[in-house]
Chemist: 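Let me begin by handing over the structure; questions about it come next.
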Amino acid sequence: MCGIVGYIGHREAYPVVLKGLKRLEYRGYDSAGVAIYDGKNIKLSKTKGKVVDLETRVKEEISDVGTLAIGHTRWATHGEPNDVNSHPHYSNSGELVIIHNGIIENYAPLKQELINRGYEFKSDTDTEVLVNLIEDVKKNENVKLGKAVQVALNQVVGAYAIAVFDKNKPDEIVVARLGSPLVIGVGEDEFFIASDASPFIEYTNNAIYLEDEEMAIVRRGKKVKVRKIKDDSLVDPYVQELQLNLEQIEKGGYDHFMLKEIYEQPRAILDTFRGRMLANEGIIRMAGIDDNIEKFLNANRILIVACGTSWHAGLVAEYVFENLTRIPVEVEYASEFRYRNPVITEKDVVIAISQSGETADTMAAIKLAKSKGAFVFGVCNVVGSSISRETHAGAYTHAGPEIGVASTKAFTTQITVLTLIALKLAQKKGTISTSEFHQYLSEMDAIPAKVEKTLTSDNHVKTIANIYKDATNFLYLGRGYNFPVALEGALKLKEISYIHAEGYPAAEMKHGPIALIDEQMPVVVIATRKGHYDKVVSNIQEIKSRKGKIIAVVMQGDKTIKNIADYVIEIPETLELLTPLLTTIPLQLLSYYIAVMRDCNVDQPRNLAKSVTVE
Ligand code: F6R
């Protein structure tokens with residue numbers, strides 16, 4: 001978590017860094033800060049709160065002139081989010097200044113050693129320990145900043161992406177990464193440093209993604225030098241051309257990124273299967289699968305590891321894979337999997353799902369699975385992300401940048417990729433007939449238009465949101481493929497509106513949650529016609545007879561439920577296996593509108609961050 005930005009070149013650095021911080025705010029927004037070198041001195045300003053608060057602070061406190069600056073937007077790990085704990089942090093001499101994303105796990109003994117040597121600390125952060133460790137090495141070993149950073153990092157246990165500069169050498173910024181992302185934008189006589197490429201996309205398309213355990217010296221007017229932190233060997237940096245454009249990372253007229261991203265789903269799903277699925281010809285082509293098909297077909301089982309919304313996509317995939325391919329599937333929270341000493345063999349295939357490609361627990365689960373000899377396949381959205389590089393093979397979801405903290409289009413595109421994989425395997429294994437295969441493909445082909453159609457329920461969902469916006473609890477029920485959608489609907493509501501919500505398999509209701517039902521309880525029921533329909537109708541009756549309020553998501557033309565539910569939201573007819581791609585949409589809209597009506601910060605809900613790079 002945390003976003004870091006830096007600039008060194010011929011422009012005024014502060015506006016570049018400030019705009020970059022606004023784009024990276026999805027990574028954390030507890031506090032923000034900036035350090036600018038004005039030609040003589042470092043000017044530093046930081047504050048608790050958001051980047052807009054920093055903007056005000058900078059105006060009040062410092063001159064913002066200078067062609068070198070670094071900035072930070074924080075998601076607190078060590079020390080509460082207050083002004084002092086905000087980044088950047090000075091070293092004791094005031095000569096070095098650092099920004100850091102990650103955690104230094106052994107900061108306590110390092111801090112004690114530095115205290116013993118006379119260092120003083122203003123903040124509670126691990127970052128202030130690191131910058132003083134670098135200073136200590138620099139002074140004691142009489143080395144340049146780059147070397148000092150390298151020696152210091154070799155003493156550090158944990159994860160980091162850092163940028164540090166020395167006011168006595170204001171022509172360079174030293175950066176390094178281990179476990180947290182860091183990319184260098186390479187322009188004409190100028191360089192940009194950032195946690196992802198969004199801060200510099202209007203200036204350059206050329207970028208160097210640092211690998212783990214690499215550091216770089218970014219020097220004005222010189223080529224970027226990249227080294228291995230451990231053994232000092234030089235690395236030839238690979239300058240990659242980015243596919244991102246500015247439009248993708250702006251709100252484009254929508255009030256919030258979340259709403260924009262909900263509305264992007266028809267396009268995102270289409271982009272995800274475009275070129276991979278040729279419905280008319282009955283072909284699914286996915287390089288990562290085609291090249292490793294035997295591993296999947298011979299697997300004893302498929303293990304899916306993920307967190308949060310990505311875990312929900314994994315649960316949908318469990319139903320889809322088992323039904324289509326008859327390969328046993330288990331879905332695990334990456335955070336549990338990594339610590340519970342799971343049984344993994346070389347005959348297992350592990351699928352890791354992650355929008356950001358940076359989630360620490362998912363990454364650790366991958367490493368564990370690899371160490372036991374399993375083949376690990378990644379489903380990521382962010383191109384070049386750590387998880388996409390750590391896995392043996394993978395398939396990207398082509399959702400485009402997801403900036404709203406609540407995941408929307410990542411979920412539906414993950415389900416799309418996973419469904420394509422399952423269909424491909426089922427075709428190869430012969431577990432579905434050719435005509436079924438063709439039917440799935442042509443239905444999948446129609447999904448973007450059906451998502452578009454589902455989005456026309458927007459105003460109706462808004463009306464429902466207005467009626468239930470003051471509820472204190474919500475229950476979400478679904479069965480089969482739509483049980484994970486119920487979980488996802490509940491997660492969406494609680495994370496952005498702060499209303500308590502729980503998702504359940506509909507039939508489980510009578511084993512406990514039914515006790516919660518009274519006239520105050522809105523229950524969202526996903527009741528598609530082929531998904532154990534009659535049983536779900538009975539569940540709705542049970543809720544109604546206890547005075548609960550029913551908001552039902554039904555297939556177009558459903559009459560039975562219309563007669564008993566308080567409100568119905570229709571989705572177009574499709575194959576049951578593909579319904580999650582449609583039923584999810586109204587649940588996203590419902591949580592969005594409720595959150596807006598409750599005046600919540602939809603894109604940046606409290607206490608959350610977009611990529612969770614800490615345990
Ligand atoms: C919820 C949400 C989170 C993420 C989770 C995993 O809306 O966004 O639950 O799904 O933190 O993140 P990724 O997919 O980046 O690994």
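We number each residue from 1, following the sequence as shown. Each ligand, and each atom within it, is numbered from 1 in the order the structure gives. FYI, side chains are in, hydrogens and waters are out, and symmetry mates aren't considered; it's all heavy atoms of this structure. Since this is a predicted model, take the numbers as computed values, not measurements.
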Chemist: Hey, which atoms in ligand 1 end up nearer than 4.0 Å to a heavy atom of S354?
Modeler: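 Once the distances to S354 are compared, the set is 13 (P), 14 (O), 15 (O), 16 (O).
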
Chemist: Assign the ring pair F377 / F296 to parallel, tilted or perpendicular, where the plane angle (0 to 90°) is split at 30° and 60°.
Modeler: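 Because their plane-to-plane angle is over 60°, the rings of F377 and F296 count as perpendicular.
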
Chemist: Nearest protein heavy-atom contact for atom 5 (C) of ligand 1: which residue, which atom, what distance?
Modeler: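 Here the nearest protein heavy atom works out to C307 O, 3.7 Å.
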
Chemist: Is the distance between the ring centroids of H392 and F375 less than 6.0 Å?
Modeler: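 Ring-ring flag for H392/F375: true, centres closer than 6.0 Å.
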
Chemist: Ligand 1 versus E495, non-hydrogen atoms closer than 4.0 Å: side chain, backbone, both, neither?
Modeler: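 Within the 4.0 Å criterion, E495 contacts ligand 1 through side-chain atoms alone.
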
Chemist: Only heavy atoms count here, so choose which of T309, T359, V305 is nearest to atom 10 (O) of ligand 1.
Modeler: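 Nearest option to atom 10 (O) of ligand 1, by heavy atoms: T309.
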
Chemist: Give, for atom CD of Q588 and atom CZ of F411, the distance between the pair rounded to the nearest 0.5 Å.
Modeler: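 Here the rounded value is 8.0 Å.
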
Chemist: Would you mind reporting whether R177 and E213 have side-chain heavy atoms less than 4.5 Å apart?
Modeler: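 A side-chain contact under 4.5 Å is absent here.
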
Chemist: Tell me whether V405 reaches ligand 1 (any heavy atom closer than 4.0 angstrom to a ligand atom).
Modeler: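 Distance cut 4.0 Å: V405 passes for ligand 1.
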
Chemist: Using a cut-off of 6.0 Å, state whether more than 12 heavy atoms not belonging to Q243 lie near its atom CD.
Modeler: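 Atom CD in Q243 is not crowded, with 12 or fewer foreign heavy atoms closer than 6.0 Å.
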
Chemist: For ligand 1, does T362 get within less than 4.0 Å through its side chain, its backbone, both, or neither, judged by non-hydrogen atoms?
Modeler: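 Neither; no heavy atom under 4.0 Å.
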
Chemist: Counting each atom of ligand 1 from 1 as listed, which ones have a heavy atom of A406 under 4.0 Å away?
Modeler: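 The atoms of ligand 1 under 4.0 Å from a heavy atom of A406 are 7 (O).
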
Chemist: Which ligand 1 atoms does S310 reach within 4.0 Å, using its non-hydrogen atoms?
Modeler: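 Here the atoms of ligand 1 in question are 10 (O), 13 (P), 14 (O).
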
Chemist: Would K469 pass as a cation-pi partner of Y593, given that its NZ or CZ must be under 6.0 Å from the six-membered ring centre and within 45 degrees of the axis?
Modeler: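 Not flagged: K469 not positioned over aromatic ring of Y593.
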
Chemist: What atoms of ligand 1 come within less than 4.0 Å of a heavy atom belonging to G308?
Modeler: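 Contacts of ligand 1 toward G308, numbered from 1: 9 (O), 10 (O).
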
Chemist: What verdict does the side chain to side chain donor-acceptor pair (under 3.5 Å) test give for Q355 and T309, after you've listed the backbone C-alpha separation in whole Å, the side-chain angles of each residue and the deciding distance to 0.1 Å?
Modeler: CA-CA 9 Å; Q355 186 286 131; T309 289; over 6 Å; no

Chemist: With a cut-off of 4.0 Å, which atoms of ligand 1 are near a heavy atom of K492?
Modeler: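 Checking each atom against K492, I get 1 (C), 7 (O).
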
Chemist: Considering non-hydrogen atoms of the protein only, which is the closest contact for atom 11 (O) of ligand 1, and what is the distance?
Modeler: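 Closest protein heavy atom to atom 11 (O) of ligand 1: V612 CG2, 4.0 Å.
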
Chemist: Only one of I594, L587, V524 forms a side-chain contact (heavy atoms from CB on, under 4.5 Å) with L493, so which one is it?
Modeler: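 Passing option: I594.
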
Chemist: How far is atom 15 (O) of ligand 1 from its nearest protein heavy atom, and which residue and atom is that?
Modeler: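 Going atom by atom, the protein heavy atom closest to atom 15 (O) of ligand 1 ends up being S356 OG, 2.6 Å.
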
